[in-house]
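Heads up: the structure comes next, in C-alpha cells.
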Amino acid sequence: MSKNRKNNNGNILGIILDIIPPLATGPLVLFVVILVAGNFKPSLTMLLLAFLYLAVSIVYGFVILCRRKSRKDRSEKQNIVYKAMGDTLIDISQPVFMISGDGVIAWANKEANKVFSSGDLYGKNFDELSSQTIASIIANLKETPEMELNGRKYEMTHTEFTYRGETYYVLLLNDVTRIKLWRRRYENSRMCVAVILIDNLAELTSQGGKGDYRDAANIIDRLLKEWAESLGAMIKEIASDRYIMIFRQEHIKPLESTGFEILEKIDSVQRDVVPIPLTVSMGVSAFGDSIVEREKEAVIALDNALQRGGAQVALRVDKDGYSFYGGRRKTSQKRTSVRSRLEAARLITLIEASENVIVMGHANPDYDAIGACIGLARLAATYGKPVHVVTNKHCENFRICTERLLTSDDDGYYSDLFIDGEKGLDAVRADTLVILADVNSVDRCESPQIVNNCSRLAIIDHHRRAGNVSMDSPDLNYLDPSASSTCEIVSEMLDFSPTRVGLSAEEANVMMSGIMLDTQNFIKSVGTRTFSAALYLRNAGASNEVANTFFYESMEDYTVQTKLTEKIKIYRGKYVIAAGTLGDDVNPRVAISKLANKLLSFKGVGATFVAALHGNMIYVSARSNGKINVQLILEGLGGGGHFEAAAAQLENETLKSAMTKLQAAIDEYEEKRT
C-alpha cells in the first residue's frame with residue numbers, strides 16, 4: 001500500500017472516529033430513557049424508534065463524511081494549482097508585478113527583479129522606480145499599452161482585483177525591444193518614391209531665352225542627381241522637366257528636419273543664371289503597401305503641391321494626410337491655357353450629365369466668389385440645366401455688386417437664380433451637380449450640408465489647397481494658384497465653351513470686379529491670362545468704370561478703418577499688424593480686407609495683418625507684396641488662402657492671445673526661411 005493511500009485511509013478513519021461518538025450518543029441516551037420509562041421493559045415500538053433513529057444517524061454521518069472528504073480533496077487540488085501557478089509566475093521569462101493602488105510592490109517574480117537590477121522589489125514604490133506612475137499607466141493602458149523601463153520597451157497587460165478593501169494590479173510585461181528594433185529596421189529599409197517636377201520649364205523655354213533656361217535646367221539636373229547620390233537613391237529623368245526617385249524610408253525624418261533644403265539650394269544656385277529662377281515641386285510618398293502604390297501616391301502628392309502653388313514638397317507617410325515643406329517662393333504664372341480648355345470640357349460634360357446644378361462660393365462671399373458663381377451659373381444655363389446660386393443675399397458685398405444686375409431683371413431670371421441654403425437643400429436631386437467656386441474646403445463653403453447631400457462635386461478655385469481638404473475626391477478639382485482670381489479661371493472656361501455663352505453686360509461687370517478685387521485693380525498677380533480674361537469680359541460688355549463703383553467707400557467704412565488703425569504695430573521691421581473691436585453692425589471681413597490692402601501700399605511693408613474682434617470671433621485678413629507667403633503664416637492659425645492673400649478665423653479668443661499666436665506664426669515662418 002502506498003504512502004498516499006495509507007494517509008487517505010488514516011484520514012478517513014480519523015473522520016469516522018470524529019463523527020461516530022456524537023452520532024452514537026443520541027441513540028444511547030434515548031435507549032436508556034426508554035428502559036427507565038418502561039421499567040426496563042421497553043415496548044417493541046420504543047425499540048423500533050430507537051433503532052430507526054440510530055439508522056438515520058448513521059446515514060447522516062456518512063453523508064457528512066463524504067462532504068468533508070470532497071471539500072478536502074478540492075482544497076488540496078486548489079492548493080496544488082495555486083502552487084503550480086505561483087511557481088510558474090516566479091520562473092516565467094516575463095516580468096510580473098503585483099502592485100497596490102498606492103504604487104507599493106506587493107510581489108514580483110525573478111524577471112521583474114532583473115528589470116531594475118535592485119534586488120528584492122518587495123515593499124518598494126513602483127512610482128519611484130519608473131518614470132510613469134502606476135495610476136497613469138493604468139489610466140492610459142488602452143491608448144498606450146507600452147512603457148519603457150531602463151532603456152527597454154515593454155507591452156503590458158494587467159489584471160485588477162480587490163482584497164480586504166484595497167485595490168491591487170497585476171502587471172504582465174512583454175519585452176518588445178527587439179521586435180521594435182527589427183520593425184524599425186524593416187520600415188527604414190522600405191522604399192519611398194518621389195516624383196519631381198521643374199515648375200514651368202516648358203512654358204518659360206517656349207517664351208524665349210531658351211538657352212538660359214536650358215542651362216538652368218542642367219544645373220537643376222546636376223543638383224538633383226548629387227542629392228540623390230547623397231541619399232543612396234536611384235533617380236531617373238522621365239521627361240525634360242520630370243524625374244522619379246526611389247530611396248530608403250530611413251531618410252524621411254532627416255529630410256523633414258531640414259525642411260527639404262534641396263529646394264532652397266536649387267533656387268539659390270541658379271538664381272543668377274536666369275531672370276526668373278526655376279523652382280522645383282515634389283510629391284514624396286512612404287504610404288502604400290507596394291512600390292506601385294507608393295508611386296501612385298507620390299503622383300497625387302505632387303498634384304497637391306502644385307495645387308498649393310508649387311515650389312514645395314508634399315509628403316505623405318501615413319493615412320493621416322500630407323505635410324508640406326517649402327512654398328516660400330512664388331512661382332511664375334503659367335502662360336498656357338491648355339488646362340483651362342480641358343477642364344472646361346470636363347465641367348461641361350458633368351453639367352450635361354446632371355439633372356440640375358447648384359453653384360456656391362465661400363461663406364460671406366466677396367466679389368470674386370459672387371462673380372465666379374454668376375459666370376458658372378450662366379454656363380449651366382447655356383446647356384439647358386436648371387441652376388441656382390446658393391448665397392447669403394443679406395451680405396453687403398452681394399447687395400453692392402448685384403444691385404444693377406437685379407434692377408435689370410426683366411424676365412425674373414436673377415430673382416429665381418439666387419437662393420439661400422434652406423431652399424438649396426430643397427433643390428437637391430439624385431443627380432445634382434454642386435460646383436464650389438473660390439473655395440476648396442467644404443467647411444468654408446456657403447452650405448456644407450448641401451455638399452454632403454450630393455454625390456457630384458466640382459471645385460474651381462485659385463487658392464492653394466488648404467492642407468488636407470475635408471471632402472472625398474471630387475469629380476472635378478481645378479485648383480490653379482497661378483491664376484489671379486477665380487473669375488479669371490471662369491472667364492477662360494466660358495471663352496473655351498463650344499457653345500457660345502451669352503454673358504450679359506451686368507454679369508460681366510460683376511466678374512470684372514472679382515478680377516479687380518484680387519489683383520488690386522490690375523496691380524498684383526497679373527499675367528497675360530489675366531488680361532485675356534479681362535478682354536473677354538470687355539467684349540461681353542463689362543466696364544471698368546462701372547465695376548470700380550463697387551469699391552467706393554462710405555464714411556462708415558472710413559470710420560471703421562480708422563478705428564482699427566488706432567493700435568498699429570510694425571513687427572520684425574516689415575510686418576504691419578493692426579487690431580481692434582468692431583460693432584455688430586459692421587461686416588468684419590470687408591472692413592479688414594480693405595484695410596489690409598491699404599496698409600500694403602506703405603513703403604517698406606512686406607505683409608499686412610488686420611484682425612477684428614466681432615462677437616466671439618476674431619477675423620484675420622492678410623496681404624503680401626509677393627515676397628512673403630501669408631498663406632503659410634495663417635495656416636498656423638488654422639486659416640488659408642494663397643501666396644499674397646489669406647484669411648483666418650479664431651473662435652473664443654482674445655485679441656491679445658490672437659496677436660500672440662500670429663506673431664508666433666510669423667516667427668516660425670521667418671525661422672524656416674533663414
Side-chain angles (χ1 to χ4, degrees), residues 194-205 207-231 233 235 237 239-245 247 251 254-284 301-315 322-335 464 481-482 524-525 527 574 606-607 624-633 635 642-644 666 668-674:
V195 179
I196 307 168
L197 177 70
I198 304 177
D199 298 320
N200 299 332
L201 176 61
E203 289 80 6
L204 291 172
T205 54
Q207 298 297 320
K210 186 172 182 179
D212 292 338
Y213 282 107
R214 180 48 58 191
D215 291 340
N218 290 335
I219 293 174
I220 294 176
D221 179 82
R222 175 176 58 81
L223 292 174
L224 287 175
K225 289 178 178 177
E226 290 176 355
W227 180 55
E229 185 178 356
S230 69
L231 299 176
I235 188 169
E237 183 178 3
S240 61
D241 59 351
R242 190 178 291 255
Y243 297 80
I244 187 168
M245 186 172 80
F247 60 99
H251 296 294
L255 290 173
E256 286 186 285
S257 64
T258 61
F260 285 83
E261 59 186 0
I262 183 64
L263 298 179
E264 294 296 331
K265 186 175 182 180
I266 288 173
D267 178 60
S268 61
V269 169
Q270 45 92 43
R271 189 174 295 172
D272 297 331
V273 178
V274 289
I276 303 176
L278 295 173
T279 56
V280 171
S281 297
M282 298 186 196
V284 182
L302 176 62
D303 186 49
N304 274 269
L306 294 174
Q307 289 177 357
R308 287 171 52 88
Q312 59 191 283
V313 175
L315 169 66
Y322 299 94
S323 300
F324 298 96
Y325 303 88
R328 285 165 176 76
R329 172 173 288 276
K330 186 180 179 184
T331 57
S332 58
Q333 186 185 50
K334 294 185 178 180
R335 303 180 186 276
R464 297 180 176 208
S482 67
K524 303 188 69 63
S525 303
K574 57 186 175 182
S624 164
N625 62 358
K627 297 180 180 178
I628 296 172
N629 191 338
V630 291
Q631 182 210 8
L632 290 182
I633 295 175
E635 278 185 350
H642 54 86
F643 199 102
E644 296 179 353
I666 293 173
E668 183 180 358
Y669 176 79
E670 287 292 331
E671 288 171 5
K672 290 183 178 180
R673 292 185 74 187
T674 56

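- Between R222 and the choices I219, N218, L224, the side-chain contact (heavy atoms from CB on, under 4.5 Å) rule is met once, by I219.
- Taking CD from E226 and CG from D221, the interatomic distance works out to 10.0 Å, rounded to the nearest 0.5 Å.
- Between the side chain of N304 and the backbone N or O of A314, no donor-acceptor pair lies under 3.5 Å.
- Ion pair E670/K574 flagged as a salt bridge, since at least one NZ, NE, NH1 or NH2 atom sits closer than 4.0 Å to an Asp/Glu carboxylate oxygen.
- With respect to I235, the side-chain contact (heavy atoms from CB on, under 4.5 Å) criterion is satisfied by exactly one of F247, Y243, W227: Y243.
- Distance check: E256 CD to L315 CG gives 5.0 Å after rounding to the nearest 0.5 Å.
- Between A228 and M245 the shortest heavy-atom distance is CB-SD, 3.6 Å.
- Residues T279 and I198 have side chains not in contact (no heavy-atom distance under 4.5 Å, counting atoms from C-beta outward).
- Contact annotation: the side chain of I262 approaches that of M282 to within less than 4.5 Å [non-hydrogen atoms, C-beta and beyond].
- A donor-acceptor pair under 3.5 Å is absent between the side-chain atoms of S624 and the main chain of A607, judged by distance alone.
- For the pair V280 and I196, the minimum side-chain heavy-atom distance is below 4.5 Å.
- No side-chain donor from either of N629 and Y669 sits under 3.5 Å from a side-chain acceptor of the other.
- Across G326 and L632, no two heavy atoms sit closer than the pair O-CD1, 3.3 Å.
- Contact between A311 and D199 at its shortest, heavy atoms only, is N-OD2, 3.1 Å.
- Using the six-membered ring where Trp is involved, F260 and Y325 have ring planes that are tilted, between 30° and 60° apart.
- Closest of all the heavy-atom pairs between Q312 and F324 is OE1-CD2, 3.7 Å.
- With a 4.5 Å cut-off on side-chain heavy atoms, L263 and D267 do not count as touching.
- Between E237 and R242, every side-chain heavy-atom pair lies at or beyond the 4.5 Å cut-off.
- E261 pairs by the salt bridge (Lys or Arg N to Asp or Glu O under 4.0 Å) definition with nothing, not counting sequence neighbours.
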